[in-house]
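Here's the structure we're looking at; comments come further down.
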Amino acid sequence: MRLATAVDTIKEASLSVNNLLKICSQCNRLCMEGLGKNIRRALGDGPSCFIPEKEIPHLAKEDEQTRALLHVAIAPLGRLDNVALVMTSHPQFLESFLKTQYHLHHLDGPLPYHYRHYIGIMAAAMPRCTYLVNFNADCFLQLGGDPKWLNGLEFAPQKLQNLGELNKVLAHRPWLITKQHIEQLLKAEENSWSLAELIQAIVLLTHYHSLASFTFGCGINPETYSENGHTFLSPAVSNYCVCDIANGNGGLEETTTSHTTSDPLCEVEVLMKKMKRLQECKEEEEASQEEMATRFEKEKTESMLFTEYEENLPTRNISQHFEDASYGYRGFARCREHVPTFRAQDFCWEDHGFSLVNRLYPDVGQLLDETFQIAYSLTYNTMAMHNDVDTSMLRRAIWNYVHCMFGIRYDDYDYGEINQLLDHNFKVYIKTVVCSPENTTKRMYDGFWRQFKHSEKVHVNLLLMEARMQAELLYALRAITRYMT
């Protein structure tokens, strides 16, 4: 992932779409005063406003693994972007992530290259993620995309406009996707999609929906461009200015901390004791299927209680690339009388989704599967200051809690473990990052797992990102399967 390749490219892009870029009065004044000059700010803010820069692993250019990662990323600046830099604490995942993203944008596929980035804009605009909108808009222009399309979805070809409804439902209420959504796209009288094109579009949409969760969840700062020890401000896109705190991607940090009085050290010990006790109980006696079903319904319903923000409409027209700004996330529990629980035993990634994607979009199913597996299985057998710890139970609870919020149930999982292992602050953070990532705050990030390393919190965000992507894919792929049968 990258933004502009050089300062000259930024200037040209800014001039060519000058009427599209909305920036604040202060930055506009600086631009007018410094026409022909570089707008600069000192380096040192780091890739994240949540994570201290010293906590981000330093990758030397001479390192063999770094060179391989840069090669995969095709980083024109000779460095990784801010998202990738935050992921460097988990290089195994980063390598798989970069390979997947490179394949989506640069290798064989039925969609034109500029279409792929416009779909990325559409997806990133749903959670109002300026960082990813800017990235895709920049790449779209560099690939010769029509700047007029950036005025809004209604200026794009009708074929892309037709994708708007699926994008909206997939981002916020994927459980509502039916085979009728698929049929409308594939059997449109004009501007219809082929099945292969639609699969690629769905993978791109879910990729950027979930990557927006990671971007907000880790407090990724706006991308900058380095020259002579300074950085150049990237152009604003979609009515955002990079200095605008309203975008949620950087700027001022909250100084408040979580309202809790418990000792962080004690929290770690308590969590480890709970894990041990749950494992012992499992070995002694397993809950019945009826009891586990009841616990799932209880957890699904209670997930609605952990919303500590107002679901307001945006105060600015910040994402013109989607049609209905009022269409936000609504918990599955509110719709349970209309939509049945998605049973993973009836349709799962391993047995159904993987083969469908791989058949219609060769090699991508394998890449996605590898990324899912790495995120889910990744462990260093540590918890905070403790070593030789089996964290599989905790990782599974996090993954299954995300899927539970999307109505997906695993018959062989005891959802009572979630309440034991995930405390209130952690649940608030997970729910926000996954369902309404633009509302994530530093206070939420600081408020859970206070004694854990930042790299462990980044791992949490990798789990949330991949679990969300898989959940969206499962609903979309199930709808495609029902259309095909």
Side-chain angles (χ1 to χ4, degrees), residues 258 260 262-306 332-333 341-345 348 350 372-431 433-434 447-453 455-464 466-468 470-471:
S258 177
T260 180
S262 58
D263 180 4
L265 290 173
C266 180
E267 289 177 347
V268 176
E269 301 295 339
V270 169
L271 179 56
M272 291 184 64
K273 288 179 180 178
K274 286 180 178 179
M275 291 167 60
K276 183 178 179 181
R277 186 166 61 248
L278 285 170
Q279 185 60 45
E280 291 172 348
C281 292
K282 231 186 221 185
E283 294 170 356
E284 292 174 2
E285 183 180 359
E286 290 189 3
S288 65
Q289 282 295 318
E290 292 76 13
E291 177 61 24
M292 289 200 288
T294 300
R295 291 174 183 176
F296 169 79
E297 293 297 329
K298 181 174 182 290
E299 192 61 53
K300 183 175 66 176
T301 303
E302 287 182 353
S303 70
M304 291 308 304
L305 302 176
F306 297 100
F332 179 87
T341 292
F342 186 121
R343 297 180 71 251
Q345 276 64 27
C348 66
E350 293 80 5
F372 292 149
Q373 287 295 328
I374 291 174
Y376 186 86
S377 304
L378 186 66
T379 182
Y380 306 97
N381 299 114
T382 61
M383 278 183 62
M385 71 294 297
H386 298 278
N387 298 317
D388 300 318
V389 181
D390 181 359
T391 62
S392 57
M393 181 180 292
L394 186 56
R395 284 181 275 118
R396 190 180 187 191
I398 294 169
W399 186 280
N400 285 359
Y401 183 55
V402 173
H403 280 197
C404 177
M405 290 188 295
F406 285 92
I408 299 171
R409 181 193 165 209
Y410 296 88
D411 289 347
D412 62 347
Y413 182 69
D414 182 357
Y415 287 84
E417 292 183 10
I418 290 175
N419 267 338
Q420 292 291 316
L421 300 176
L422 311 184
D423 64 20
H424 175 82
N425 285 347
F426 198 7
K427 283 188 172 182
V428 168
Y429 179 79
I430 293 174
K431 173 75 180 295
V433 169
V434 172
F448 83 95
W449 282 13
R450 292 174 296 157
Q451 195 61 27
F452 284 68
K453 303 180 184 74
S455 62
E456 292 172 309
K457 292 191 174 187
V458 172
H459 186 190
V460 166
N461 276 277
L462 297 180
L463 284 167
L464 303 184
E466 296 305 314
R468 175 182 178 172
Q470 191 180 97

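Fair warning: this is a prediction, and the values are worked out from it, not measured in the lab. Below, all heavy atoms of this structure are taken into account, side chains as well, without hydrogens, waters or symmetry copies.
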Go through Val402 and Phe406 one step at a time and tell me if the side-chain contact (heavy atoms from CB on, under 4.5 Å) criterion holds. CA-CA 7 Å; Val402 173; Phe406 285 92; 4.2 Å; yes
After noting the C-alpha distance and the side-chain angles of Leu278 and Asp414, does the key distance pass the side-chain contact (heavy atoms from CB on, under 4.5 Å) rule? CA-CA 10 Å; Leu278 285 170; Asp414 182 357; over 6 Å; no
Go through Val460 and Val433 one step at a time and tell me if the side-chain contact (heavy atoms from CB on, under 4.5 Å) criterion holds. CA-CA 11 Å; Val460 166; Val433 169; over 6 Å; no
Yes or no on side-chain contact (heavy atoms from CB on, under 4.5 Å) for Glu267 and Leu271, after CA distance, side-chain angles and deciding distance? CA-CA 6 Å; Glu267 289 177 347; Leu271 179 56; over 6 Å; no
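Counting all heavy atoms, side chain and backbone alike, Leu422 lies closest to Ala397 at CD1-O, 4.0 Å.
Asn381 is linked by a side-chain contact (heavy atoms from CB on, under 4.5 Å) to Thr379, counting only residues two or more places apart in sequence or in another chain. Under the ring pair (Phe, Tyr, Trp, His ring centres under 6.0 Å) criterion, Phe372 pairs with Trp349, not counting sequence neighbours. In this structure Glu417 satisfies the salt bridge (charged side-chain N to carboxylate O under 4.0 Å, His left out) test together with Lys282, sequence neighbours excluded. For Arg343, the side chain to side chain donor-acceptor pair (under 3.5 Å) criterion is met by Asp346, Asp411, not counting sequence neighbours. Judged as a ring pair (Phe, Tyr, Trp, His ring centres under 6.0 Å), and not counting sequence neighbours, the contacts of Tyr415 are Phe296, Tyr413.
With rounding to the nearest 0.5 Å, the separation of SG in Cys281 from NZ in Lys274 is 13.0 Å. One distance of note links CD of Glu280 with CZ of Arg277; it measures 9.0 Å at 0.5 Å rounding.
Checked by atom type, the side-chain pair Tyr380/His459 shows no donor-acceptor distance below 3.5 Å.
Applying the salt bridge (charged side-chain N to carboxylate O under 4.0 Å, His left out) definition to pairs two or more places apart or across chains, those involving residues 383-408 are Arg396-Asp412.
Of the possible donor and acceptor atoms, none in the side chain of Lys427 sits under 3.5 Å from a partner among the backbone N and O of Tyr401.
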